[in-house]
Engineer: 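Before we start, here is the structure in question, set down as structure tokens.
This one's a predicted model, so the numbers in the text were calculated from it and none came from an experiment. Every chain is numbered from 1, with letters handed out A, B, ... down the list of sequences.
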Amino acid sequence: MKNKEVANLLYTIADLLDIRGEIPFKTRAYRTAAQTIENLDEDIEILAKEGKLETLPGVGKAIAKKITEYIETGSLTFFEKLKQEIPEGIIELLEIPGLGPKKVAALYNKLGIKTVEELKKACEEGKLRGLDGFGEITERNILRGIQLKEKTQGRFLLNLAYENGSRYVEYMKQLPYINKISIAGSLRRMKETIGDIDILVSSDKPEEVMNHFVAYPEVKQVLLKGRTKTSVILEDGIQVDLRVVEEKSFGAALQYFTGSKDHNIALRGIAIKKGYKLSEYGLFEKDTDRYVTGETEEEVYRTLGLSYIPPELRENRGEIEASLNNSLPNLVTYEDIKGDLHVHSKWSDGLNTIEEIAIKAKELGYEYIGIADHSQSLKIAKGLSEERILSKIEEIKKLNGEIEGIHILCGTECDIKQDGTLDYPNAILKKFDFVVAGIHMGFKMTREEATKRITTAMDNEYVNIIAHPTCRLIGRREPFDLDMDEIFEKAVETNTYLEINAFPDRLDLNDIYCKRGKEMGVKFVINTDAHSITHLPYMQYGVATARRGWLEKKDILNTLPINDLKKVIRC
DNA sequence: GCCGTTTTCGGCCCGACTGTTTTCAGTCG
Ligand SMILES: Nc1nc2c(ncn2[C@H]2C[C@H](O)[C@@H](COP(=O)(O)OP(=O)(O)OP(=O)(O)O)O2)c(=O)[nH]1
Ligand SMILES: [Mg+2]
Ligand SMILES: [Mg+2]
Ligand SMILES: [Zn+2]
């Protein structure tokens, strides 16, 4: 799949055209097309060969032609020429906060600056202040920007942002002038990684709120501070943005600040067509500027003729159209979840005993908990030998007799070997209440090999669930190159459930594959892969991923009550 | 550069904060 490669090419072209000074609408067109291709679940090469590129939203004649040339010849004349005009390397300058295309163009054209190092030197030598639009403060700000960029990593895992954001909100609530407060941005949409934390407040005393906000003990640096908007950097490098509005704007502001940007632009487009103007301050009549509504999100959507759209869906991936014709899914909720079917105990590499896990699961309100320890080949993870399985089954039998109010199921997370066969023979597999199968080593495979390995495992009659199907680790390991459509077809054919692994660095399957899989009839299960009882609450991130993938209660195995579950997994 | 059940041309979201701009451009959300 060259989707990512083609998307990156288009993003790069957009950046270079911005620096060249093209009108923003043109560069936005390139970015829209890039985004479409990045999120595409089909292979761009196949679409190009079939001449279907222009069916993609945001891809027209000009961009389709460029993609076709790039795929057929491996290079793009337009891009090569562009790079001669503007060196590709200067794009890294755009990553410095405070530097945009206009300033970067000036630095390159007037001072010949192409790298961060050259820029640093020029700032230190005071060479920028002579340029139009630059001054001494600009030089200092750029040096700070470079420092900031060097120190902070890119995006943060969802759980880390969630915990930080919750603490900040609790701190903010100490101030009596806070009327309403909400997390917004990608964190409210529960995106898999978070660029920064966005918080919205309604208050009649914005100055007091801002002062309280910047006085938070973990604040390292105040980036900007105004009457309605303030941004800070925390000690651990995460940025937090605060917006403060009046009560009558809270809903419109929450809508704005929750995003996504693309969702906002699309919604504002609808507002225009209906004779309104939508901003963070409310919905207004376009001609008279008369305030129409804005206190709640529901009112804003309703007045625009839309049913309420849950934050997780606001990515401009069809949710606005679905809302307009009342066909939004009825999303699965955390309360729908009746149990967790992928938990490790002390029997393999987990931290807790089965008893401790069962008690915690009961506390969480579950009906059942599935202990799925590693299989024999995973020696470093203390994978269970065939003899130890029998003892474990005995222990669970005993615990089920002792502990009221929770059903403990005995499963395994059985390794899928290179050839797609399983790490236990069928005679052993049939002893488990359920079988989760997953890949844990031998990650170097071609697309065909990886796909075959998983589909072969699904053909085994005892396999109920495929764990973390793409095996990605966010920020550390790329997902397998897989023919997902083939995997989905096989899952439907063999009645195998695909896991939404809720562990924050996995979230695998991701939201996009959930949506695509559902369209093909796939069923899912949301599991935490907990290695400690402190991981069991990660379930919420799995549910969020399912919701972002448009999934409903009926799509998820572990929303079933215990008796129905037992029928489905035949135990 | 893309798009169209009002349009094949003329729109394309709208506003906050900062700095050197003496009246607003650039960047960011
Ligand atoms: N209307 C409009 N809203 C925007 C724009 N840029 C950002 N927003 C809104 C929607 C975003 O979700 C929200 C917060 O901005 P962020 O830059 O923090 O983006 P977001 O939180 O979605 O993603 P992140 O994980 O932080 O990169 O502000 C824009 O250009 N126009
Ligand atoms: Mg954000
Ligand atoms: Mg933000
Ligand atoms: Zn596991």
Side-chain angles (χ1 to χ4, degrees), chain A residues 10 13-14 17-19 21-36 53-67 78 93-107 128-142 144-145 184-186 195-200 206 210 222-232 239-245 249 252-284 286 289 294 304 316 320 324:
Chain A
L10 296 175
I13 290 174
L17 290 179
D18 266 338
I19 294 169
E22 293 285 350
I23 54 157
F25 299 117
K26 186 186 278 194
T27 57
R28 181 198 288 171
Y30 276 95
R31 291 199 177 89
T32 306
Q35 215 173 2
T36 300
L53 288 175
E54 282 181 62
T55 62
L56 298 174
V59 178
K61 264 200 165 48
I63 291 181
K65 192 154 169 280
K66 291 185 174 74
I67 296 173
F78 173 79
L93 298 180
L94 290 174
E95 286 166 27
I96 298 165
L99 279 192
K102 294 289 194 300
K103 284 209 168 74
V104 168
L107 291 170
L128 269 55
R129 62 192 66 171
L131 269 48
D132 280 350
F134 291 77
E136 276 180 60
I137 298 175
T138 324
E139 287 170 352
R140 276 207 301 280
N141 283 345
I142 289 176
R144 286 194 93 167
S186 53
D196 68 4
I197 295 169
D198 302 287
I199 301 174
L200 177 69
M210 294 308 180
V222 179
L223 294 175
L224 53 89
K225 186 161 175 270
R227 291 189 59 259
T228 77
K229 178 170 143 181
T230 294
S231 295
V232 298
Q239 179 175 330
V240 187
D241 295 342
L242 175 73
R243 288 286 316 245
V244 182
V245 296
S249 297
L254 187 56
Q255 192 292 310
Y256 149 74
F257 213 26
T258 297
S260 64
K261 175 182 168 177
D262 292 337
H263 176 90
N264 287 356
I265 290 175
L267 200 64
R268 288 171 181 206
I270 289 177
I272 293 170
K273 276 200 203 121
K274 300 208 167 192
Y276 296 111
K277 179 189 70 172
L278 177 61
S279 77
E280 61 263 50
Y281 296 104
L283 190 63
F284 301 86
K286 198 173 178 53
D289 239 20
L304 290 173
N316 199 25
I320 290 178
L324 277 169

Engineer: Has A/Asn141 got a side-chain N or O lying under 4.0 Å from the OP1 or OP2 atom of B/dG19?
Structural biologist: yes
Engineer: May I ask you to say what A/Tyr30 touches in the nucleic acid, namely base, sugar-phosphate or nothing, with a heavy-atom cut-off under 4.0 Å?
Structural biologist: sugar-phosphate
Engineer: From NZ of A/Lys261 over to P of B/dC13, roughly how many Å is that when rounded to an integer?
Structural biologist: 10 Å
Engineer: Which nucleotide, B/dC14, B/dT18, B/dG1, lies nearest any side-chain atom of A/Ala62?
Structural biologist: B/dG1
Engineer: Measure from CG on A/Leu242 to C1' on B/dC17 and round the result to the nearest Å.
Structural biologist: 14 Å
Engineer: About how many Å separate OG1 of A/Thr27 and CD1 of A/Ile13, when rounded to the nearest 0.5 Å?
Structural biologist: 12.0 Å
Engineer: Atom CD1 of A/Ile142 and atom P of B/dT27: how far apart are they, to the nearest Å?
Structural biologist: 10 Å
Engineer: So which heavy atom on A/Ala271 is nearest to which on A/Leu283, and how close?
Structural biologist: CB-CD1, 4.2 Å
Engineer: At under 4.0 Å between heavy atoms, what does A/Pro57 touch on the DNA or RNA strands: base, sugar-phosphate, or nothing?
Structural biologist: sugar-phosphate
Engineer: May I ask you to say what A/Asp241 touches in the nucleic acid, namely base, sugar-phosphate or nothing, with a heavy-atom cut-off under 4.0 Å?
Structural biologist: sugar-phosphate
Engineer: Between the base of B/dG15 and the side chain of A/Tyr281, is there a donor-acceptor distance below 3.5 Å?
Structural biologist: no
Engineer: Quick one: are A/Arg227 and A/Val244 in side-chain contact, heavy atoms under 4.5 Å?
Structural biologist: no
Engineer: For a quick check of understanding: with a heavy-atom distance under 4.0 Å over all strands, which category does A/Arg28 fall into, base, sugar-phosphate or nothing?
Structural biologist: base
Engineer: Rounded to whole Å, how long is the line connecting atom CG of A/Asp196 with atom P of B/dG29?
Structural biologist: 7 Å
Engineer: Can you tell me the base-pairing partner of B/dT8? Count Watson-Crick or G-U wobble geometry only, both distances below 3.5 Å, and say none if there is no partner.
Structural biologist: none
Engineer: Could you please spell out the steps behind the side-chain contact (heavy atoms from CB on, under 4.5 Å) verdict for A/Phe257 and A/Val245?
Structural biologist: CA-CA 11 Å; A/Phe257 213 26; A/Val245 296; over 6 Å; no
Engineer: For the backbone of A/Asp198 and the side chain of A/Asp241, can you confirm whether one donor and one acceptor N or O come within less than 3.5 Å of each other?
Structural biologist: no
Engineer: So A/Ile265, base contact, sugar-phosphate only, or nothing? Heavy-atom distance under 4.0 Å.
Structural biologist: base
Engineer: Under 3.5 Å, is there a donor-acceptor pair linking the side chains of A/Gln35 and A/Asp262?
Structural biologist: yes
Engineer: If you compare every side-chain N and O of A/Lys229 against the phosphate oxygens of B/dA16 (OP1, OP2), does one of them come in below 4.0 Å?
Structural biologist: no
Engineer: For A/Ser231 and A/Arg268, find the nucleotide of DNA chain B closest to each by heavy atoms; which residue's nucleotide sits nearer the 5' end?
Structural biologist: A/Arg268
Engineer: Applying salt bridge (Lys or Arg N to Asp or Glu O under 4.0 Å) between A/Asp18 and each of A/Arg28, A/Lys26, A/Arg31, report the one that passes.
Structural biologist: A/Arg31
Engineer: Any side-chain N or O of A/Lys277 below 4.0 angstrom from OP1/OP2 of B/dG15?
Structural biologist: yes
Engineer: Looking only at side-chain atoms of A/Thr138, point me to the closest of B/dC17, B/dC13, B/dG19.
Structural biologist: B/dG19
Engineer: Would you check if the side chain of A/Glu139 reaches a backbone N or O of A/Leu128 as a donor-acceptor pair within less than 3.5 Å?
Structural biologist: yes
Engineer: Once you apply a heavy-atom cut-off of 4.0 Å, does A/Gln239 come out as touching a base, just sugar-phosphate, or nothing?
Structural biologist: sugar-phosphate
Engineer: From CD of A/Glu136 over to P of B/dT21, roughly how many Å is that when rounded to an integer?
Structural biologist: 12 Å
Engineer: Could you check which residues of residues 98-106 of chain A get a heavy atom under 4.0 Å from DNA chain B? Sort them by number, please.
Structural biologist: A/Gly98, A/Leu99, A/Gly100, A/Pro101, A/Lys102, A/Lys103
Engineer: Find which nucleotide of DNA chain B each of A/Ser279 and A/Gly58 is nearest to by heavy atoms, and output the residue with the more 5' nucleotide.
Structural biologist: A/Gly58
Engineer: On a whole-Å scale, what distance lies between the P atoms belonging to B/dT21 and B/dC17?
Structural biologist: 22 Å
Engineer: Would you tell me if any nitrogen or oxygen in the side chain of A/Thr228 comes within less than 4.0 Å of OP1 or OP2 on B/dG15?
Structural biologist: no
Engineer: Measure the distance from CG on A/Leu131 to P on B/dG26 and round it to the nearest whole Å.
Structural biologist: 13 Å
Engineer: What's the NZ-P distance between A/Lys273 and B/dT7, to the nearest Å?
Structural biologist: 13 Å
Engineer: Can you tell me how far P in B/dC3 sits from the matching atom in B/dC13, rounded to whole Å?
Structural biologist: 14 Å
Engineer: What does A/Ile23 touch in the nucleic acid at a heavy-atom separation under 4.0 angstrom: a base, only the sugar-phosphate, or nothing?
Structural biologist: base
Engineer: Give a yes/no on whether any side-chain N or O of A/Arg140 is located under 4.0 angstrom from OP1 or OP2 of B/dG19.
Structural biologist: no
Engineer: Report the distance from atom CG of A/Leu53 to atom P of B/dC3, rounded to the nearest whole Å.
Structural biologist: 12 Å
Engineer: With no hydrogens and no angle check, is any side-chain donor or acceptor of A/Lys274 less than 3.5 Å from a backbone partner on A/Leu304?
Structural biologist: yes
